[in-house]
2 protein chains.
Amino acid sequence: MWRACCNLDKLETLTLTHLSASNDGIEVGVAGIKDVAARAGVSISTVSYVVSGKRKIKDETRERIYQAALELGYAPVVNAVNESKHCTHVLAVSSPLRPYTDVSNYAAFFFALATAAKKYGYDLLLLMHEAGDHEMQRVAEDRIVDGIFLLDVLLSDSRTEIAASLNIPVVSIGCANNTSAVYSVDLDFAGMGREAIEKAYLLGHRHIMLYCPGRHAFIEGSNFLVRFTDAAMQRAEELGVTVTRKFAPGKTIDDVNLTIDEAFGEDPQISAIICEESVSVGAIIASLNRRGLRVPEDISLMAACVGGSSSRLADELPMNPNAVCERAVEIMIAALRGERHDVGYVELLPAEYHARGTMIARKLPTRN
Amino acid sequence: MWRACCNLDKLETLTLTHLSASNDGIEVGVAGIKDVAARAGVSISTVSYVVSGKRKIKDETRERIYQAALELGYAPVVNAVNESKHCTHVLAVSSPLRPYTDVSNYAAFFFALATAAKKYGYDLLLLMHEAGDHEMQRVAEDRIVDGIFLLDVLLSDSRTEIAASLNIPVVSIGCANNTSAVYSVDLDFAGMGREAIEKAYLLGHRHIMLYCPGRHAFIEGSNFLVRFTDAAMQRAEELGVTVTRKFAPGKTIDDVNLTIDEAFGEDPQISAIICEESVSVGAIIASLNRRGLRVPEDISLMAACVGGSSSRLADELPMNPNAVCERAVEIMIAALRGERHDVGYVELLPAEYHARGTMIARKLPTRN
DNA sequence: CTGAAAGCGCTTACAG
DNA sequence: CTGAAAGCGCTTACAG
């Protein structure tokens, strides 16, 4: 099948007007240096020098010869053109495997990227590195891919440093502290954190639990959780809201019960829970039921930073991989086409709130 | 960087013993047809015919000429050898996007495949096709990949038919009805279905609910759910166990409540639930609690066919993507190396039961 | 089954 | 800045 990267359609349809007249009959369809020379009105030696570049030929003559060569489909010139335009039509996705990585979250990004890239005729190469940046350098040096996307970007991420030394564009899905050598696209997680708190505040909630997944994600600086949480905490302080932040030790029903119990032990007045995760939402509801608390009548519940697999059990501030990935691909394509050279550009997309009826106005205390 | 697929190390280190004696001095390092002819002790025309293949040359002579050509590093022959051995070191993963596809389940397979493939120096190319088999043909014809893995294989899957016409090996992760043109690796889902029922039976359960995800998965014939369910139903019948099978209309808490209510409406004696899914397990526990039923004291619970993201809330019969993908990669590599030619081979891996204390002996009725 | 030799495409010092 | 012509690598009917 004809690949779009080699746009020599013009040559394909042209007919050969000058044919080489070898003495063993009429040769059809293969243009030689003789044909090019005749069409350009020069000697074969001049054509030879143009093709090899071993002697400087006057601009005008050279152009005429190239013109004739391309029109006749003279192989050496056509091949040279193809070589220079050669692209793999493959884009890499750098997906680190960290100890705490929830791979199920990656899937939505893979599919969103793949779907968007396909519109432009690009395939996706999966690049996993437990270790580091060696893989990025390898695929760039070996010209296996035309560009690289970064997933699960840390605040301090060595991949954004490495990008500077690569000869292909890198688009970071997520914001590192150093954005100078990459294009960055991300959701506005800080805005999301503020929005979550404000939403609860406007519904009358003044005691909120922040349910966070395992602590390691924060320690290693997985960028979006840190941004969301920091902004949420700060906004809560500004509004005078009491926040109880808890890191769940795990995802079993016991882990969830323990975490919920601890939070209510510290602040019995909690009336809303913001969970920075999706899978534990069902268990949180079960855990609250066990304490005799219903959602949303007694406790309002919201899931933020929800990745690919939405539980659909609560109001959500989802990651929206589709929007982010579409923009990432658009930026990548523009960079590959040479339409933009503003490396260091950062784009933050606004979050969308998905209501499912689990965030309601705080019930006023009936007694006491 | 030097890629392992081109093993011409031998040629690199050889020195040129015969050099072309052109009259403009001594040419070093470039072997011509003349040199090969001299070394092989034949005329240049014979060498020419061997290289072009336009005339049949006696086996012995031909071998001698090839030998000489390789020793001298004669470009046309060396290049031909390279071409024939050329491999991309990339393997495709065909991941269909069906309406009911839970992409989060794919992730574990992607990572397991990528990790296993990397051990052999292979990268993974993501291939999504809403439509069909065009993508497989494209990457095979364009020689973008060396082999293809199939994910989410249906009982009647056109991709297993297409495989017959491709010039690269195809390893199916999941069993289609037609396995003749591919290598197949899968968990033994039928065995898993029987095991699930037997486990419950041996614990005294005689009324079991089978909680199935959306009906469309079954209608379209997603292979593992059908195999699991059919085998489970049959084993239940053999053992005289009453099974209430329910298809959940969705994954919200309301969907789960509705499904559970329907099942208990049909058979109030249900004492164990086997859920063919992971994400709804938390909601099922919550739903049972709402009915005043506790897990496992009142109702035993097991999750089977659990994909990448285990909820860890119940006993599980997981998919074990790692084991399946490792075998798939091993088979692929062996096929690529020409070490096996038994296309049509099917390998079923036994399931492993993960106990978490939610399957216990049936409580004897206290009254009535 | 193979070689001697004519011929072609292309390169390149030489000439202007 | 370019051409005529010698020469090289390779191919291929022709001959045996």
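Because only heavy atoms are used, hydrogens play no part in the values below, and waters and symmetry mates are left out as well, while side chains stay in. Remember, predicted model here, so these are calculated numbers, not experimental data.
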Problem - Euclidean distance, atom OH of residue Tyr49(B) to atom C1' of dA4(C) [Å, nearest integer] - result: 12 Å

Practice task
Kindly say if Lys34(B) contacts the phosphate of dC10(D), meaning a side-chain N or O under 4.0 Å from OP1 or OP2.
Solution key: no

Handout entry: d(CZ, Arg62(A); P, dC1(D)) in whole Å
Key = 10 Å

Handout entry: Rounded distance [0.5 Å steps], CD in Glu330(A) versus SG in Cys325(A)
Key = 11.5 Å

Problem - Distance test, side-chain N/O of Thr61(A) to OP1/OP2 of dC1(D), below 4.0 Å - result: no

Practice task
Look at the side-chain N and O atoms of Tyr74(B) and state whether any lies under 4.0 Å from the OP1 or OP2 oxygen of dC10(D).
Solution key: yes

Handout entry: First encountered from the 5' end of DNA chain D, between Lys58(A) and Ile44(A)
Key = Lys58(A)

Problem - Integer-rounded Å distance: dT11(D) P and Ile65(B) CD1 - result: 12 Å

Handout entry: Aromatic plane relationship, Phe110(B) with Phe111(A) - under 30° parallel, 30 to 60° tilted, over 60° perpendicular
Key = parallel

Fill in the blank from the handout: Partner of dT2(D) under the Watson-Crick or G-U wobble criteria, both distances under 3.5 Å, comes out as dA15(C)

Exercise for the section: Quick one: label Val42(A) by what it contacts on the DNA or RNA (base, sugar-phosphate, nothing), any heavy atom closer than 4.0 Å. Expected result: sugar-phosphate

Problem - Phosphate OP1/OP2 of dC10(D) contacted by Ser48(B) side-chain N/O (<4.0 Å) - result: no

Completion exercise
Side-chain atoms of Arg55(A) come closest, of dC10(D), dT12(D), dA13(C), to dA13(C)

Handout entry: Thr46(A) side chain near dG3(D) phosphate (N/O to OP1/OP2, under 4.0 Å)
Key = yes

Practice task
Could you tell me whether a side-chain N or O of Asn322(A) sits under 3.5 Å from a main-chain N or O of Val324(A), the two making a donor and an acceptor?
Solution key: no

Practice task
Mark yes or no for whether Asp146(B), through its side chain, and His89(B), through its backbone, hold a donor-acceptor pair below 3.5 Å.
Solution key: yes

Completion exercise
From the candidates dA4(C), dA4(D), dA13(D), the one with an atom nearest any side-chain atom of Ser45(B) is dA4(C)

Handout entry: Spacing between Ile33(A) atom CD1 and dC10(C) atom P, to the nearest angstrom
Key = 5 Å

Problem - Under 4.0 angstrom between Lys54(A) side-chain N/O and dT11(C) OP1 or OP2 - result: no

Exercise for the section: Verify, without hydrogens or angle tests, whether Asn177(B) (side chain) and Thr179(B) (backbone) share a donor-acceptor contact under 3.5 angstrom. Expected result: no

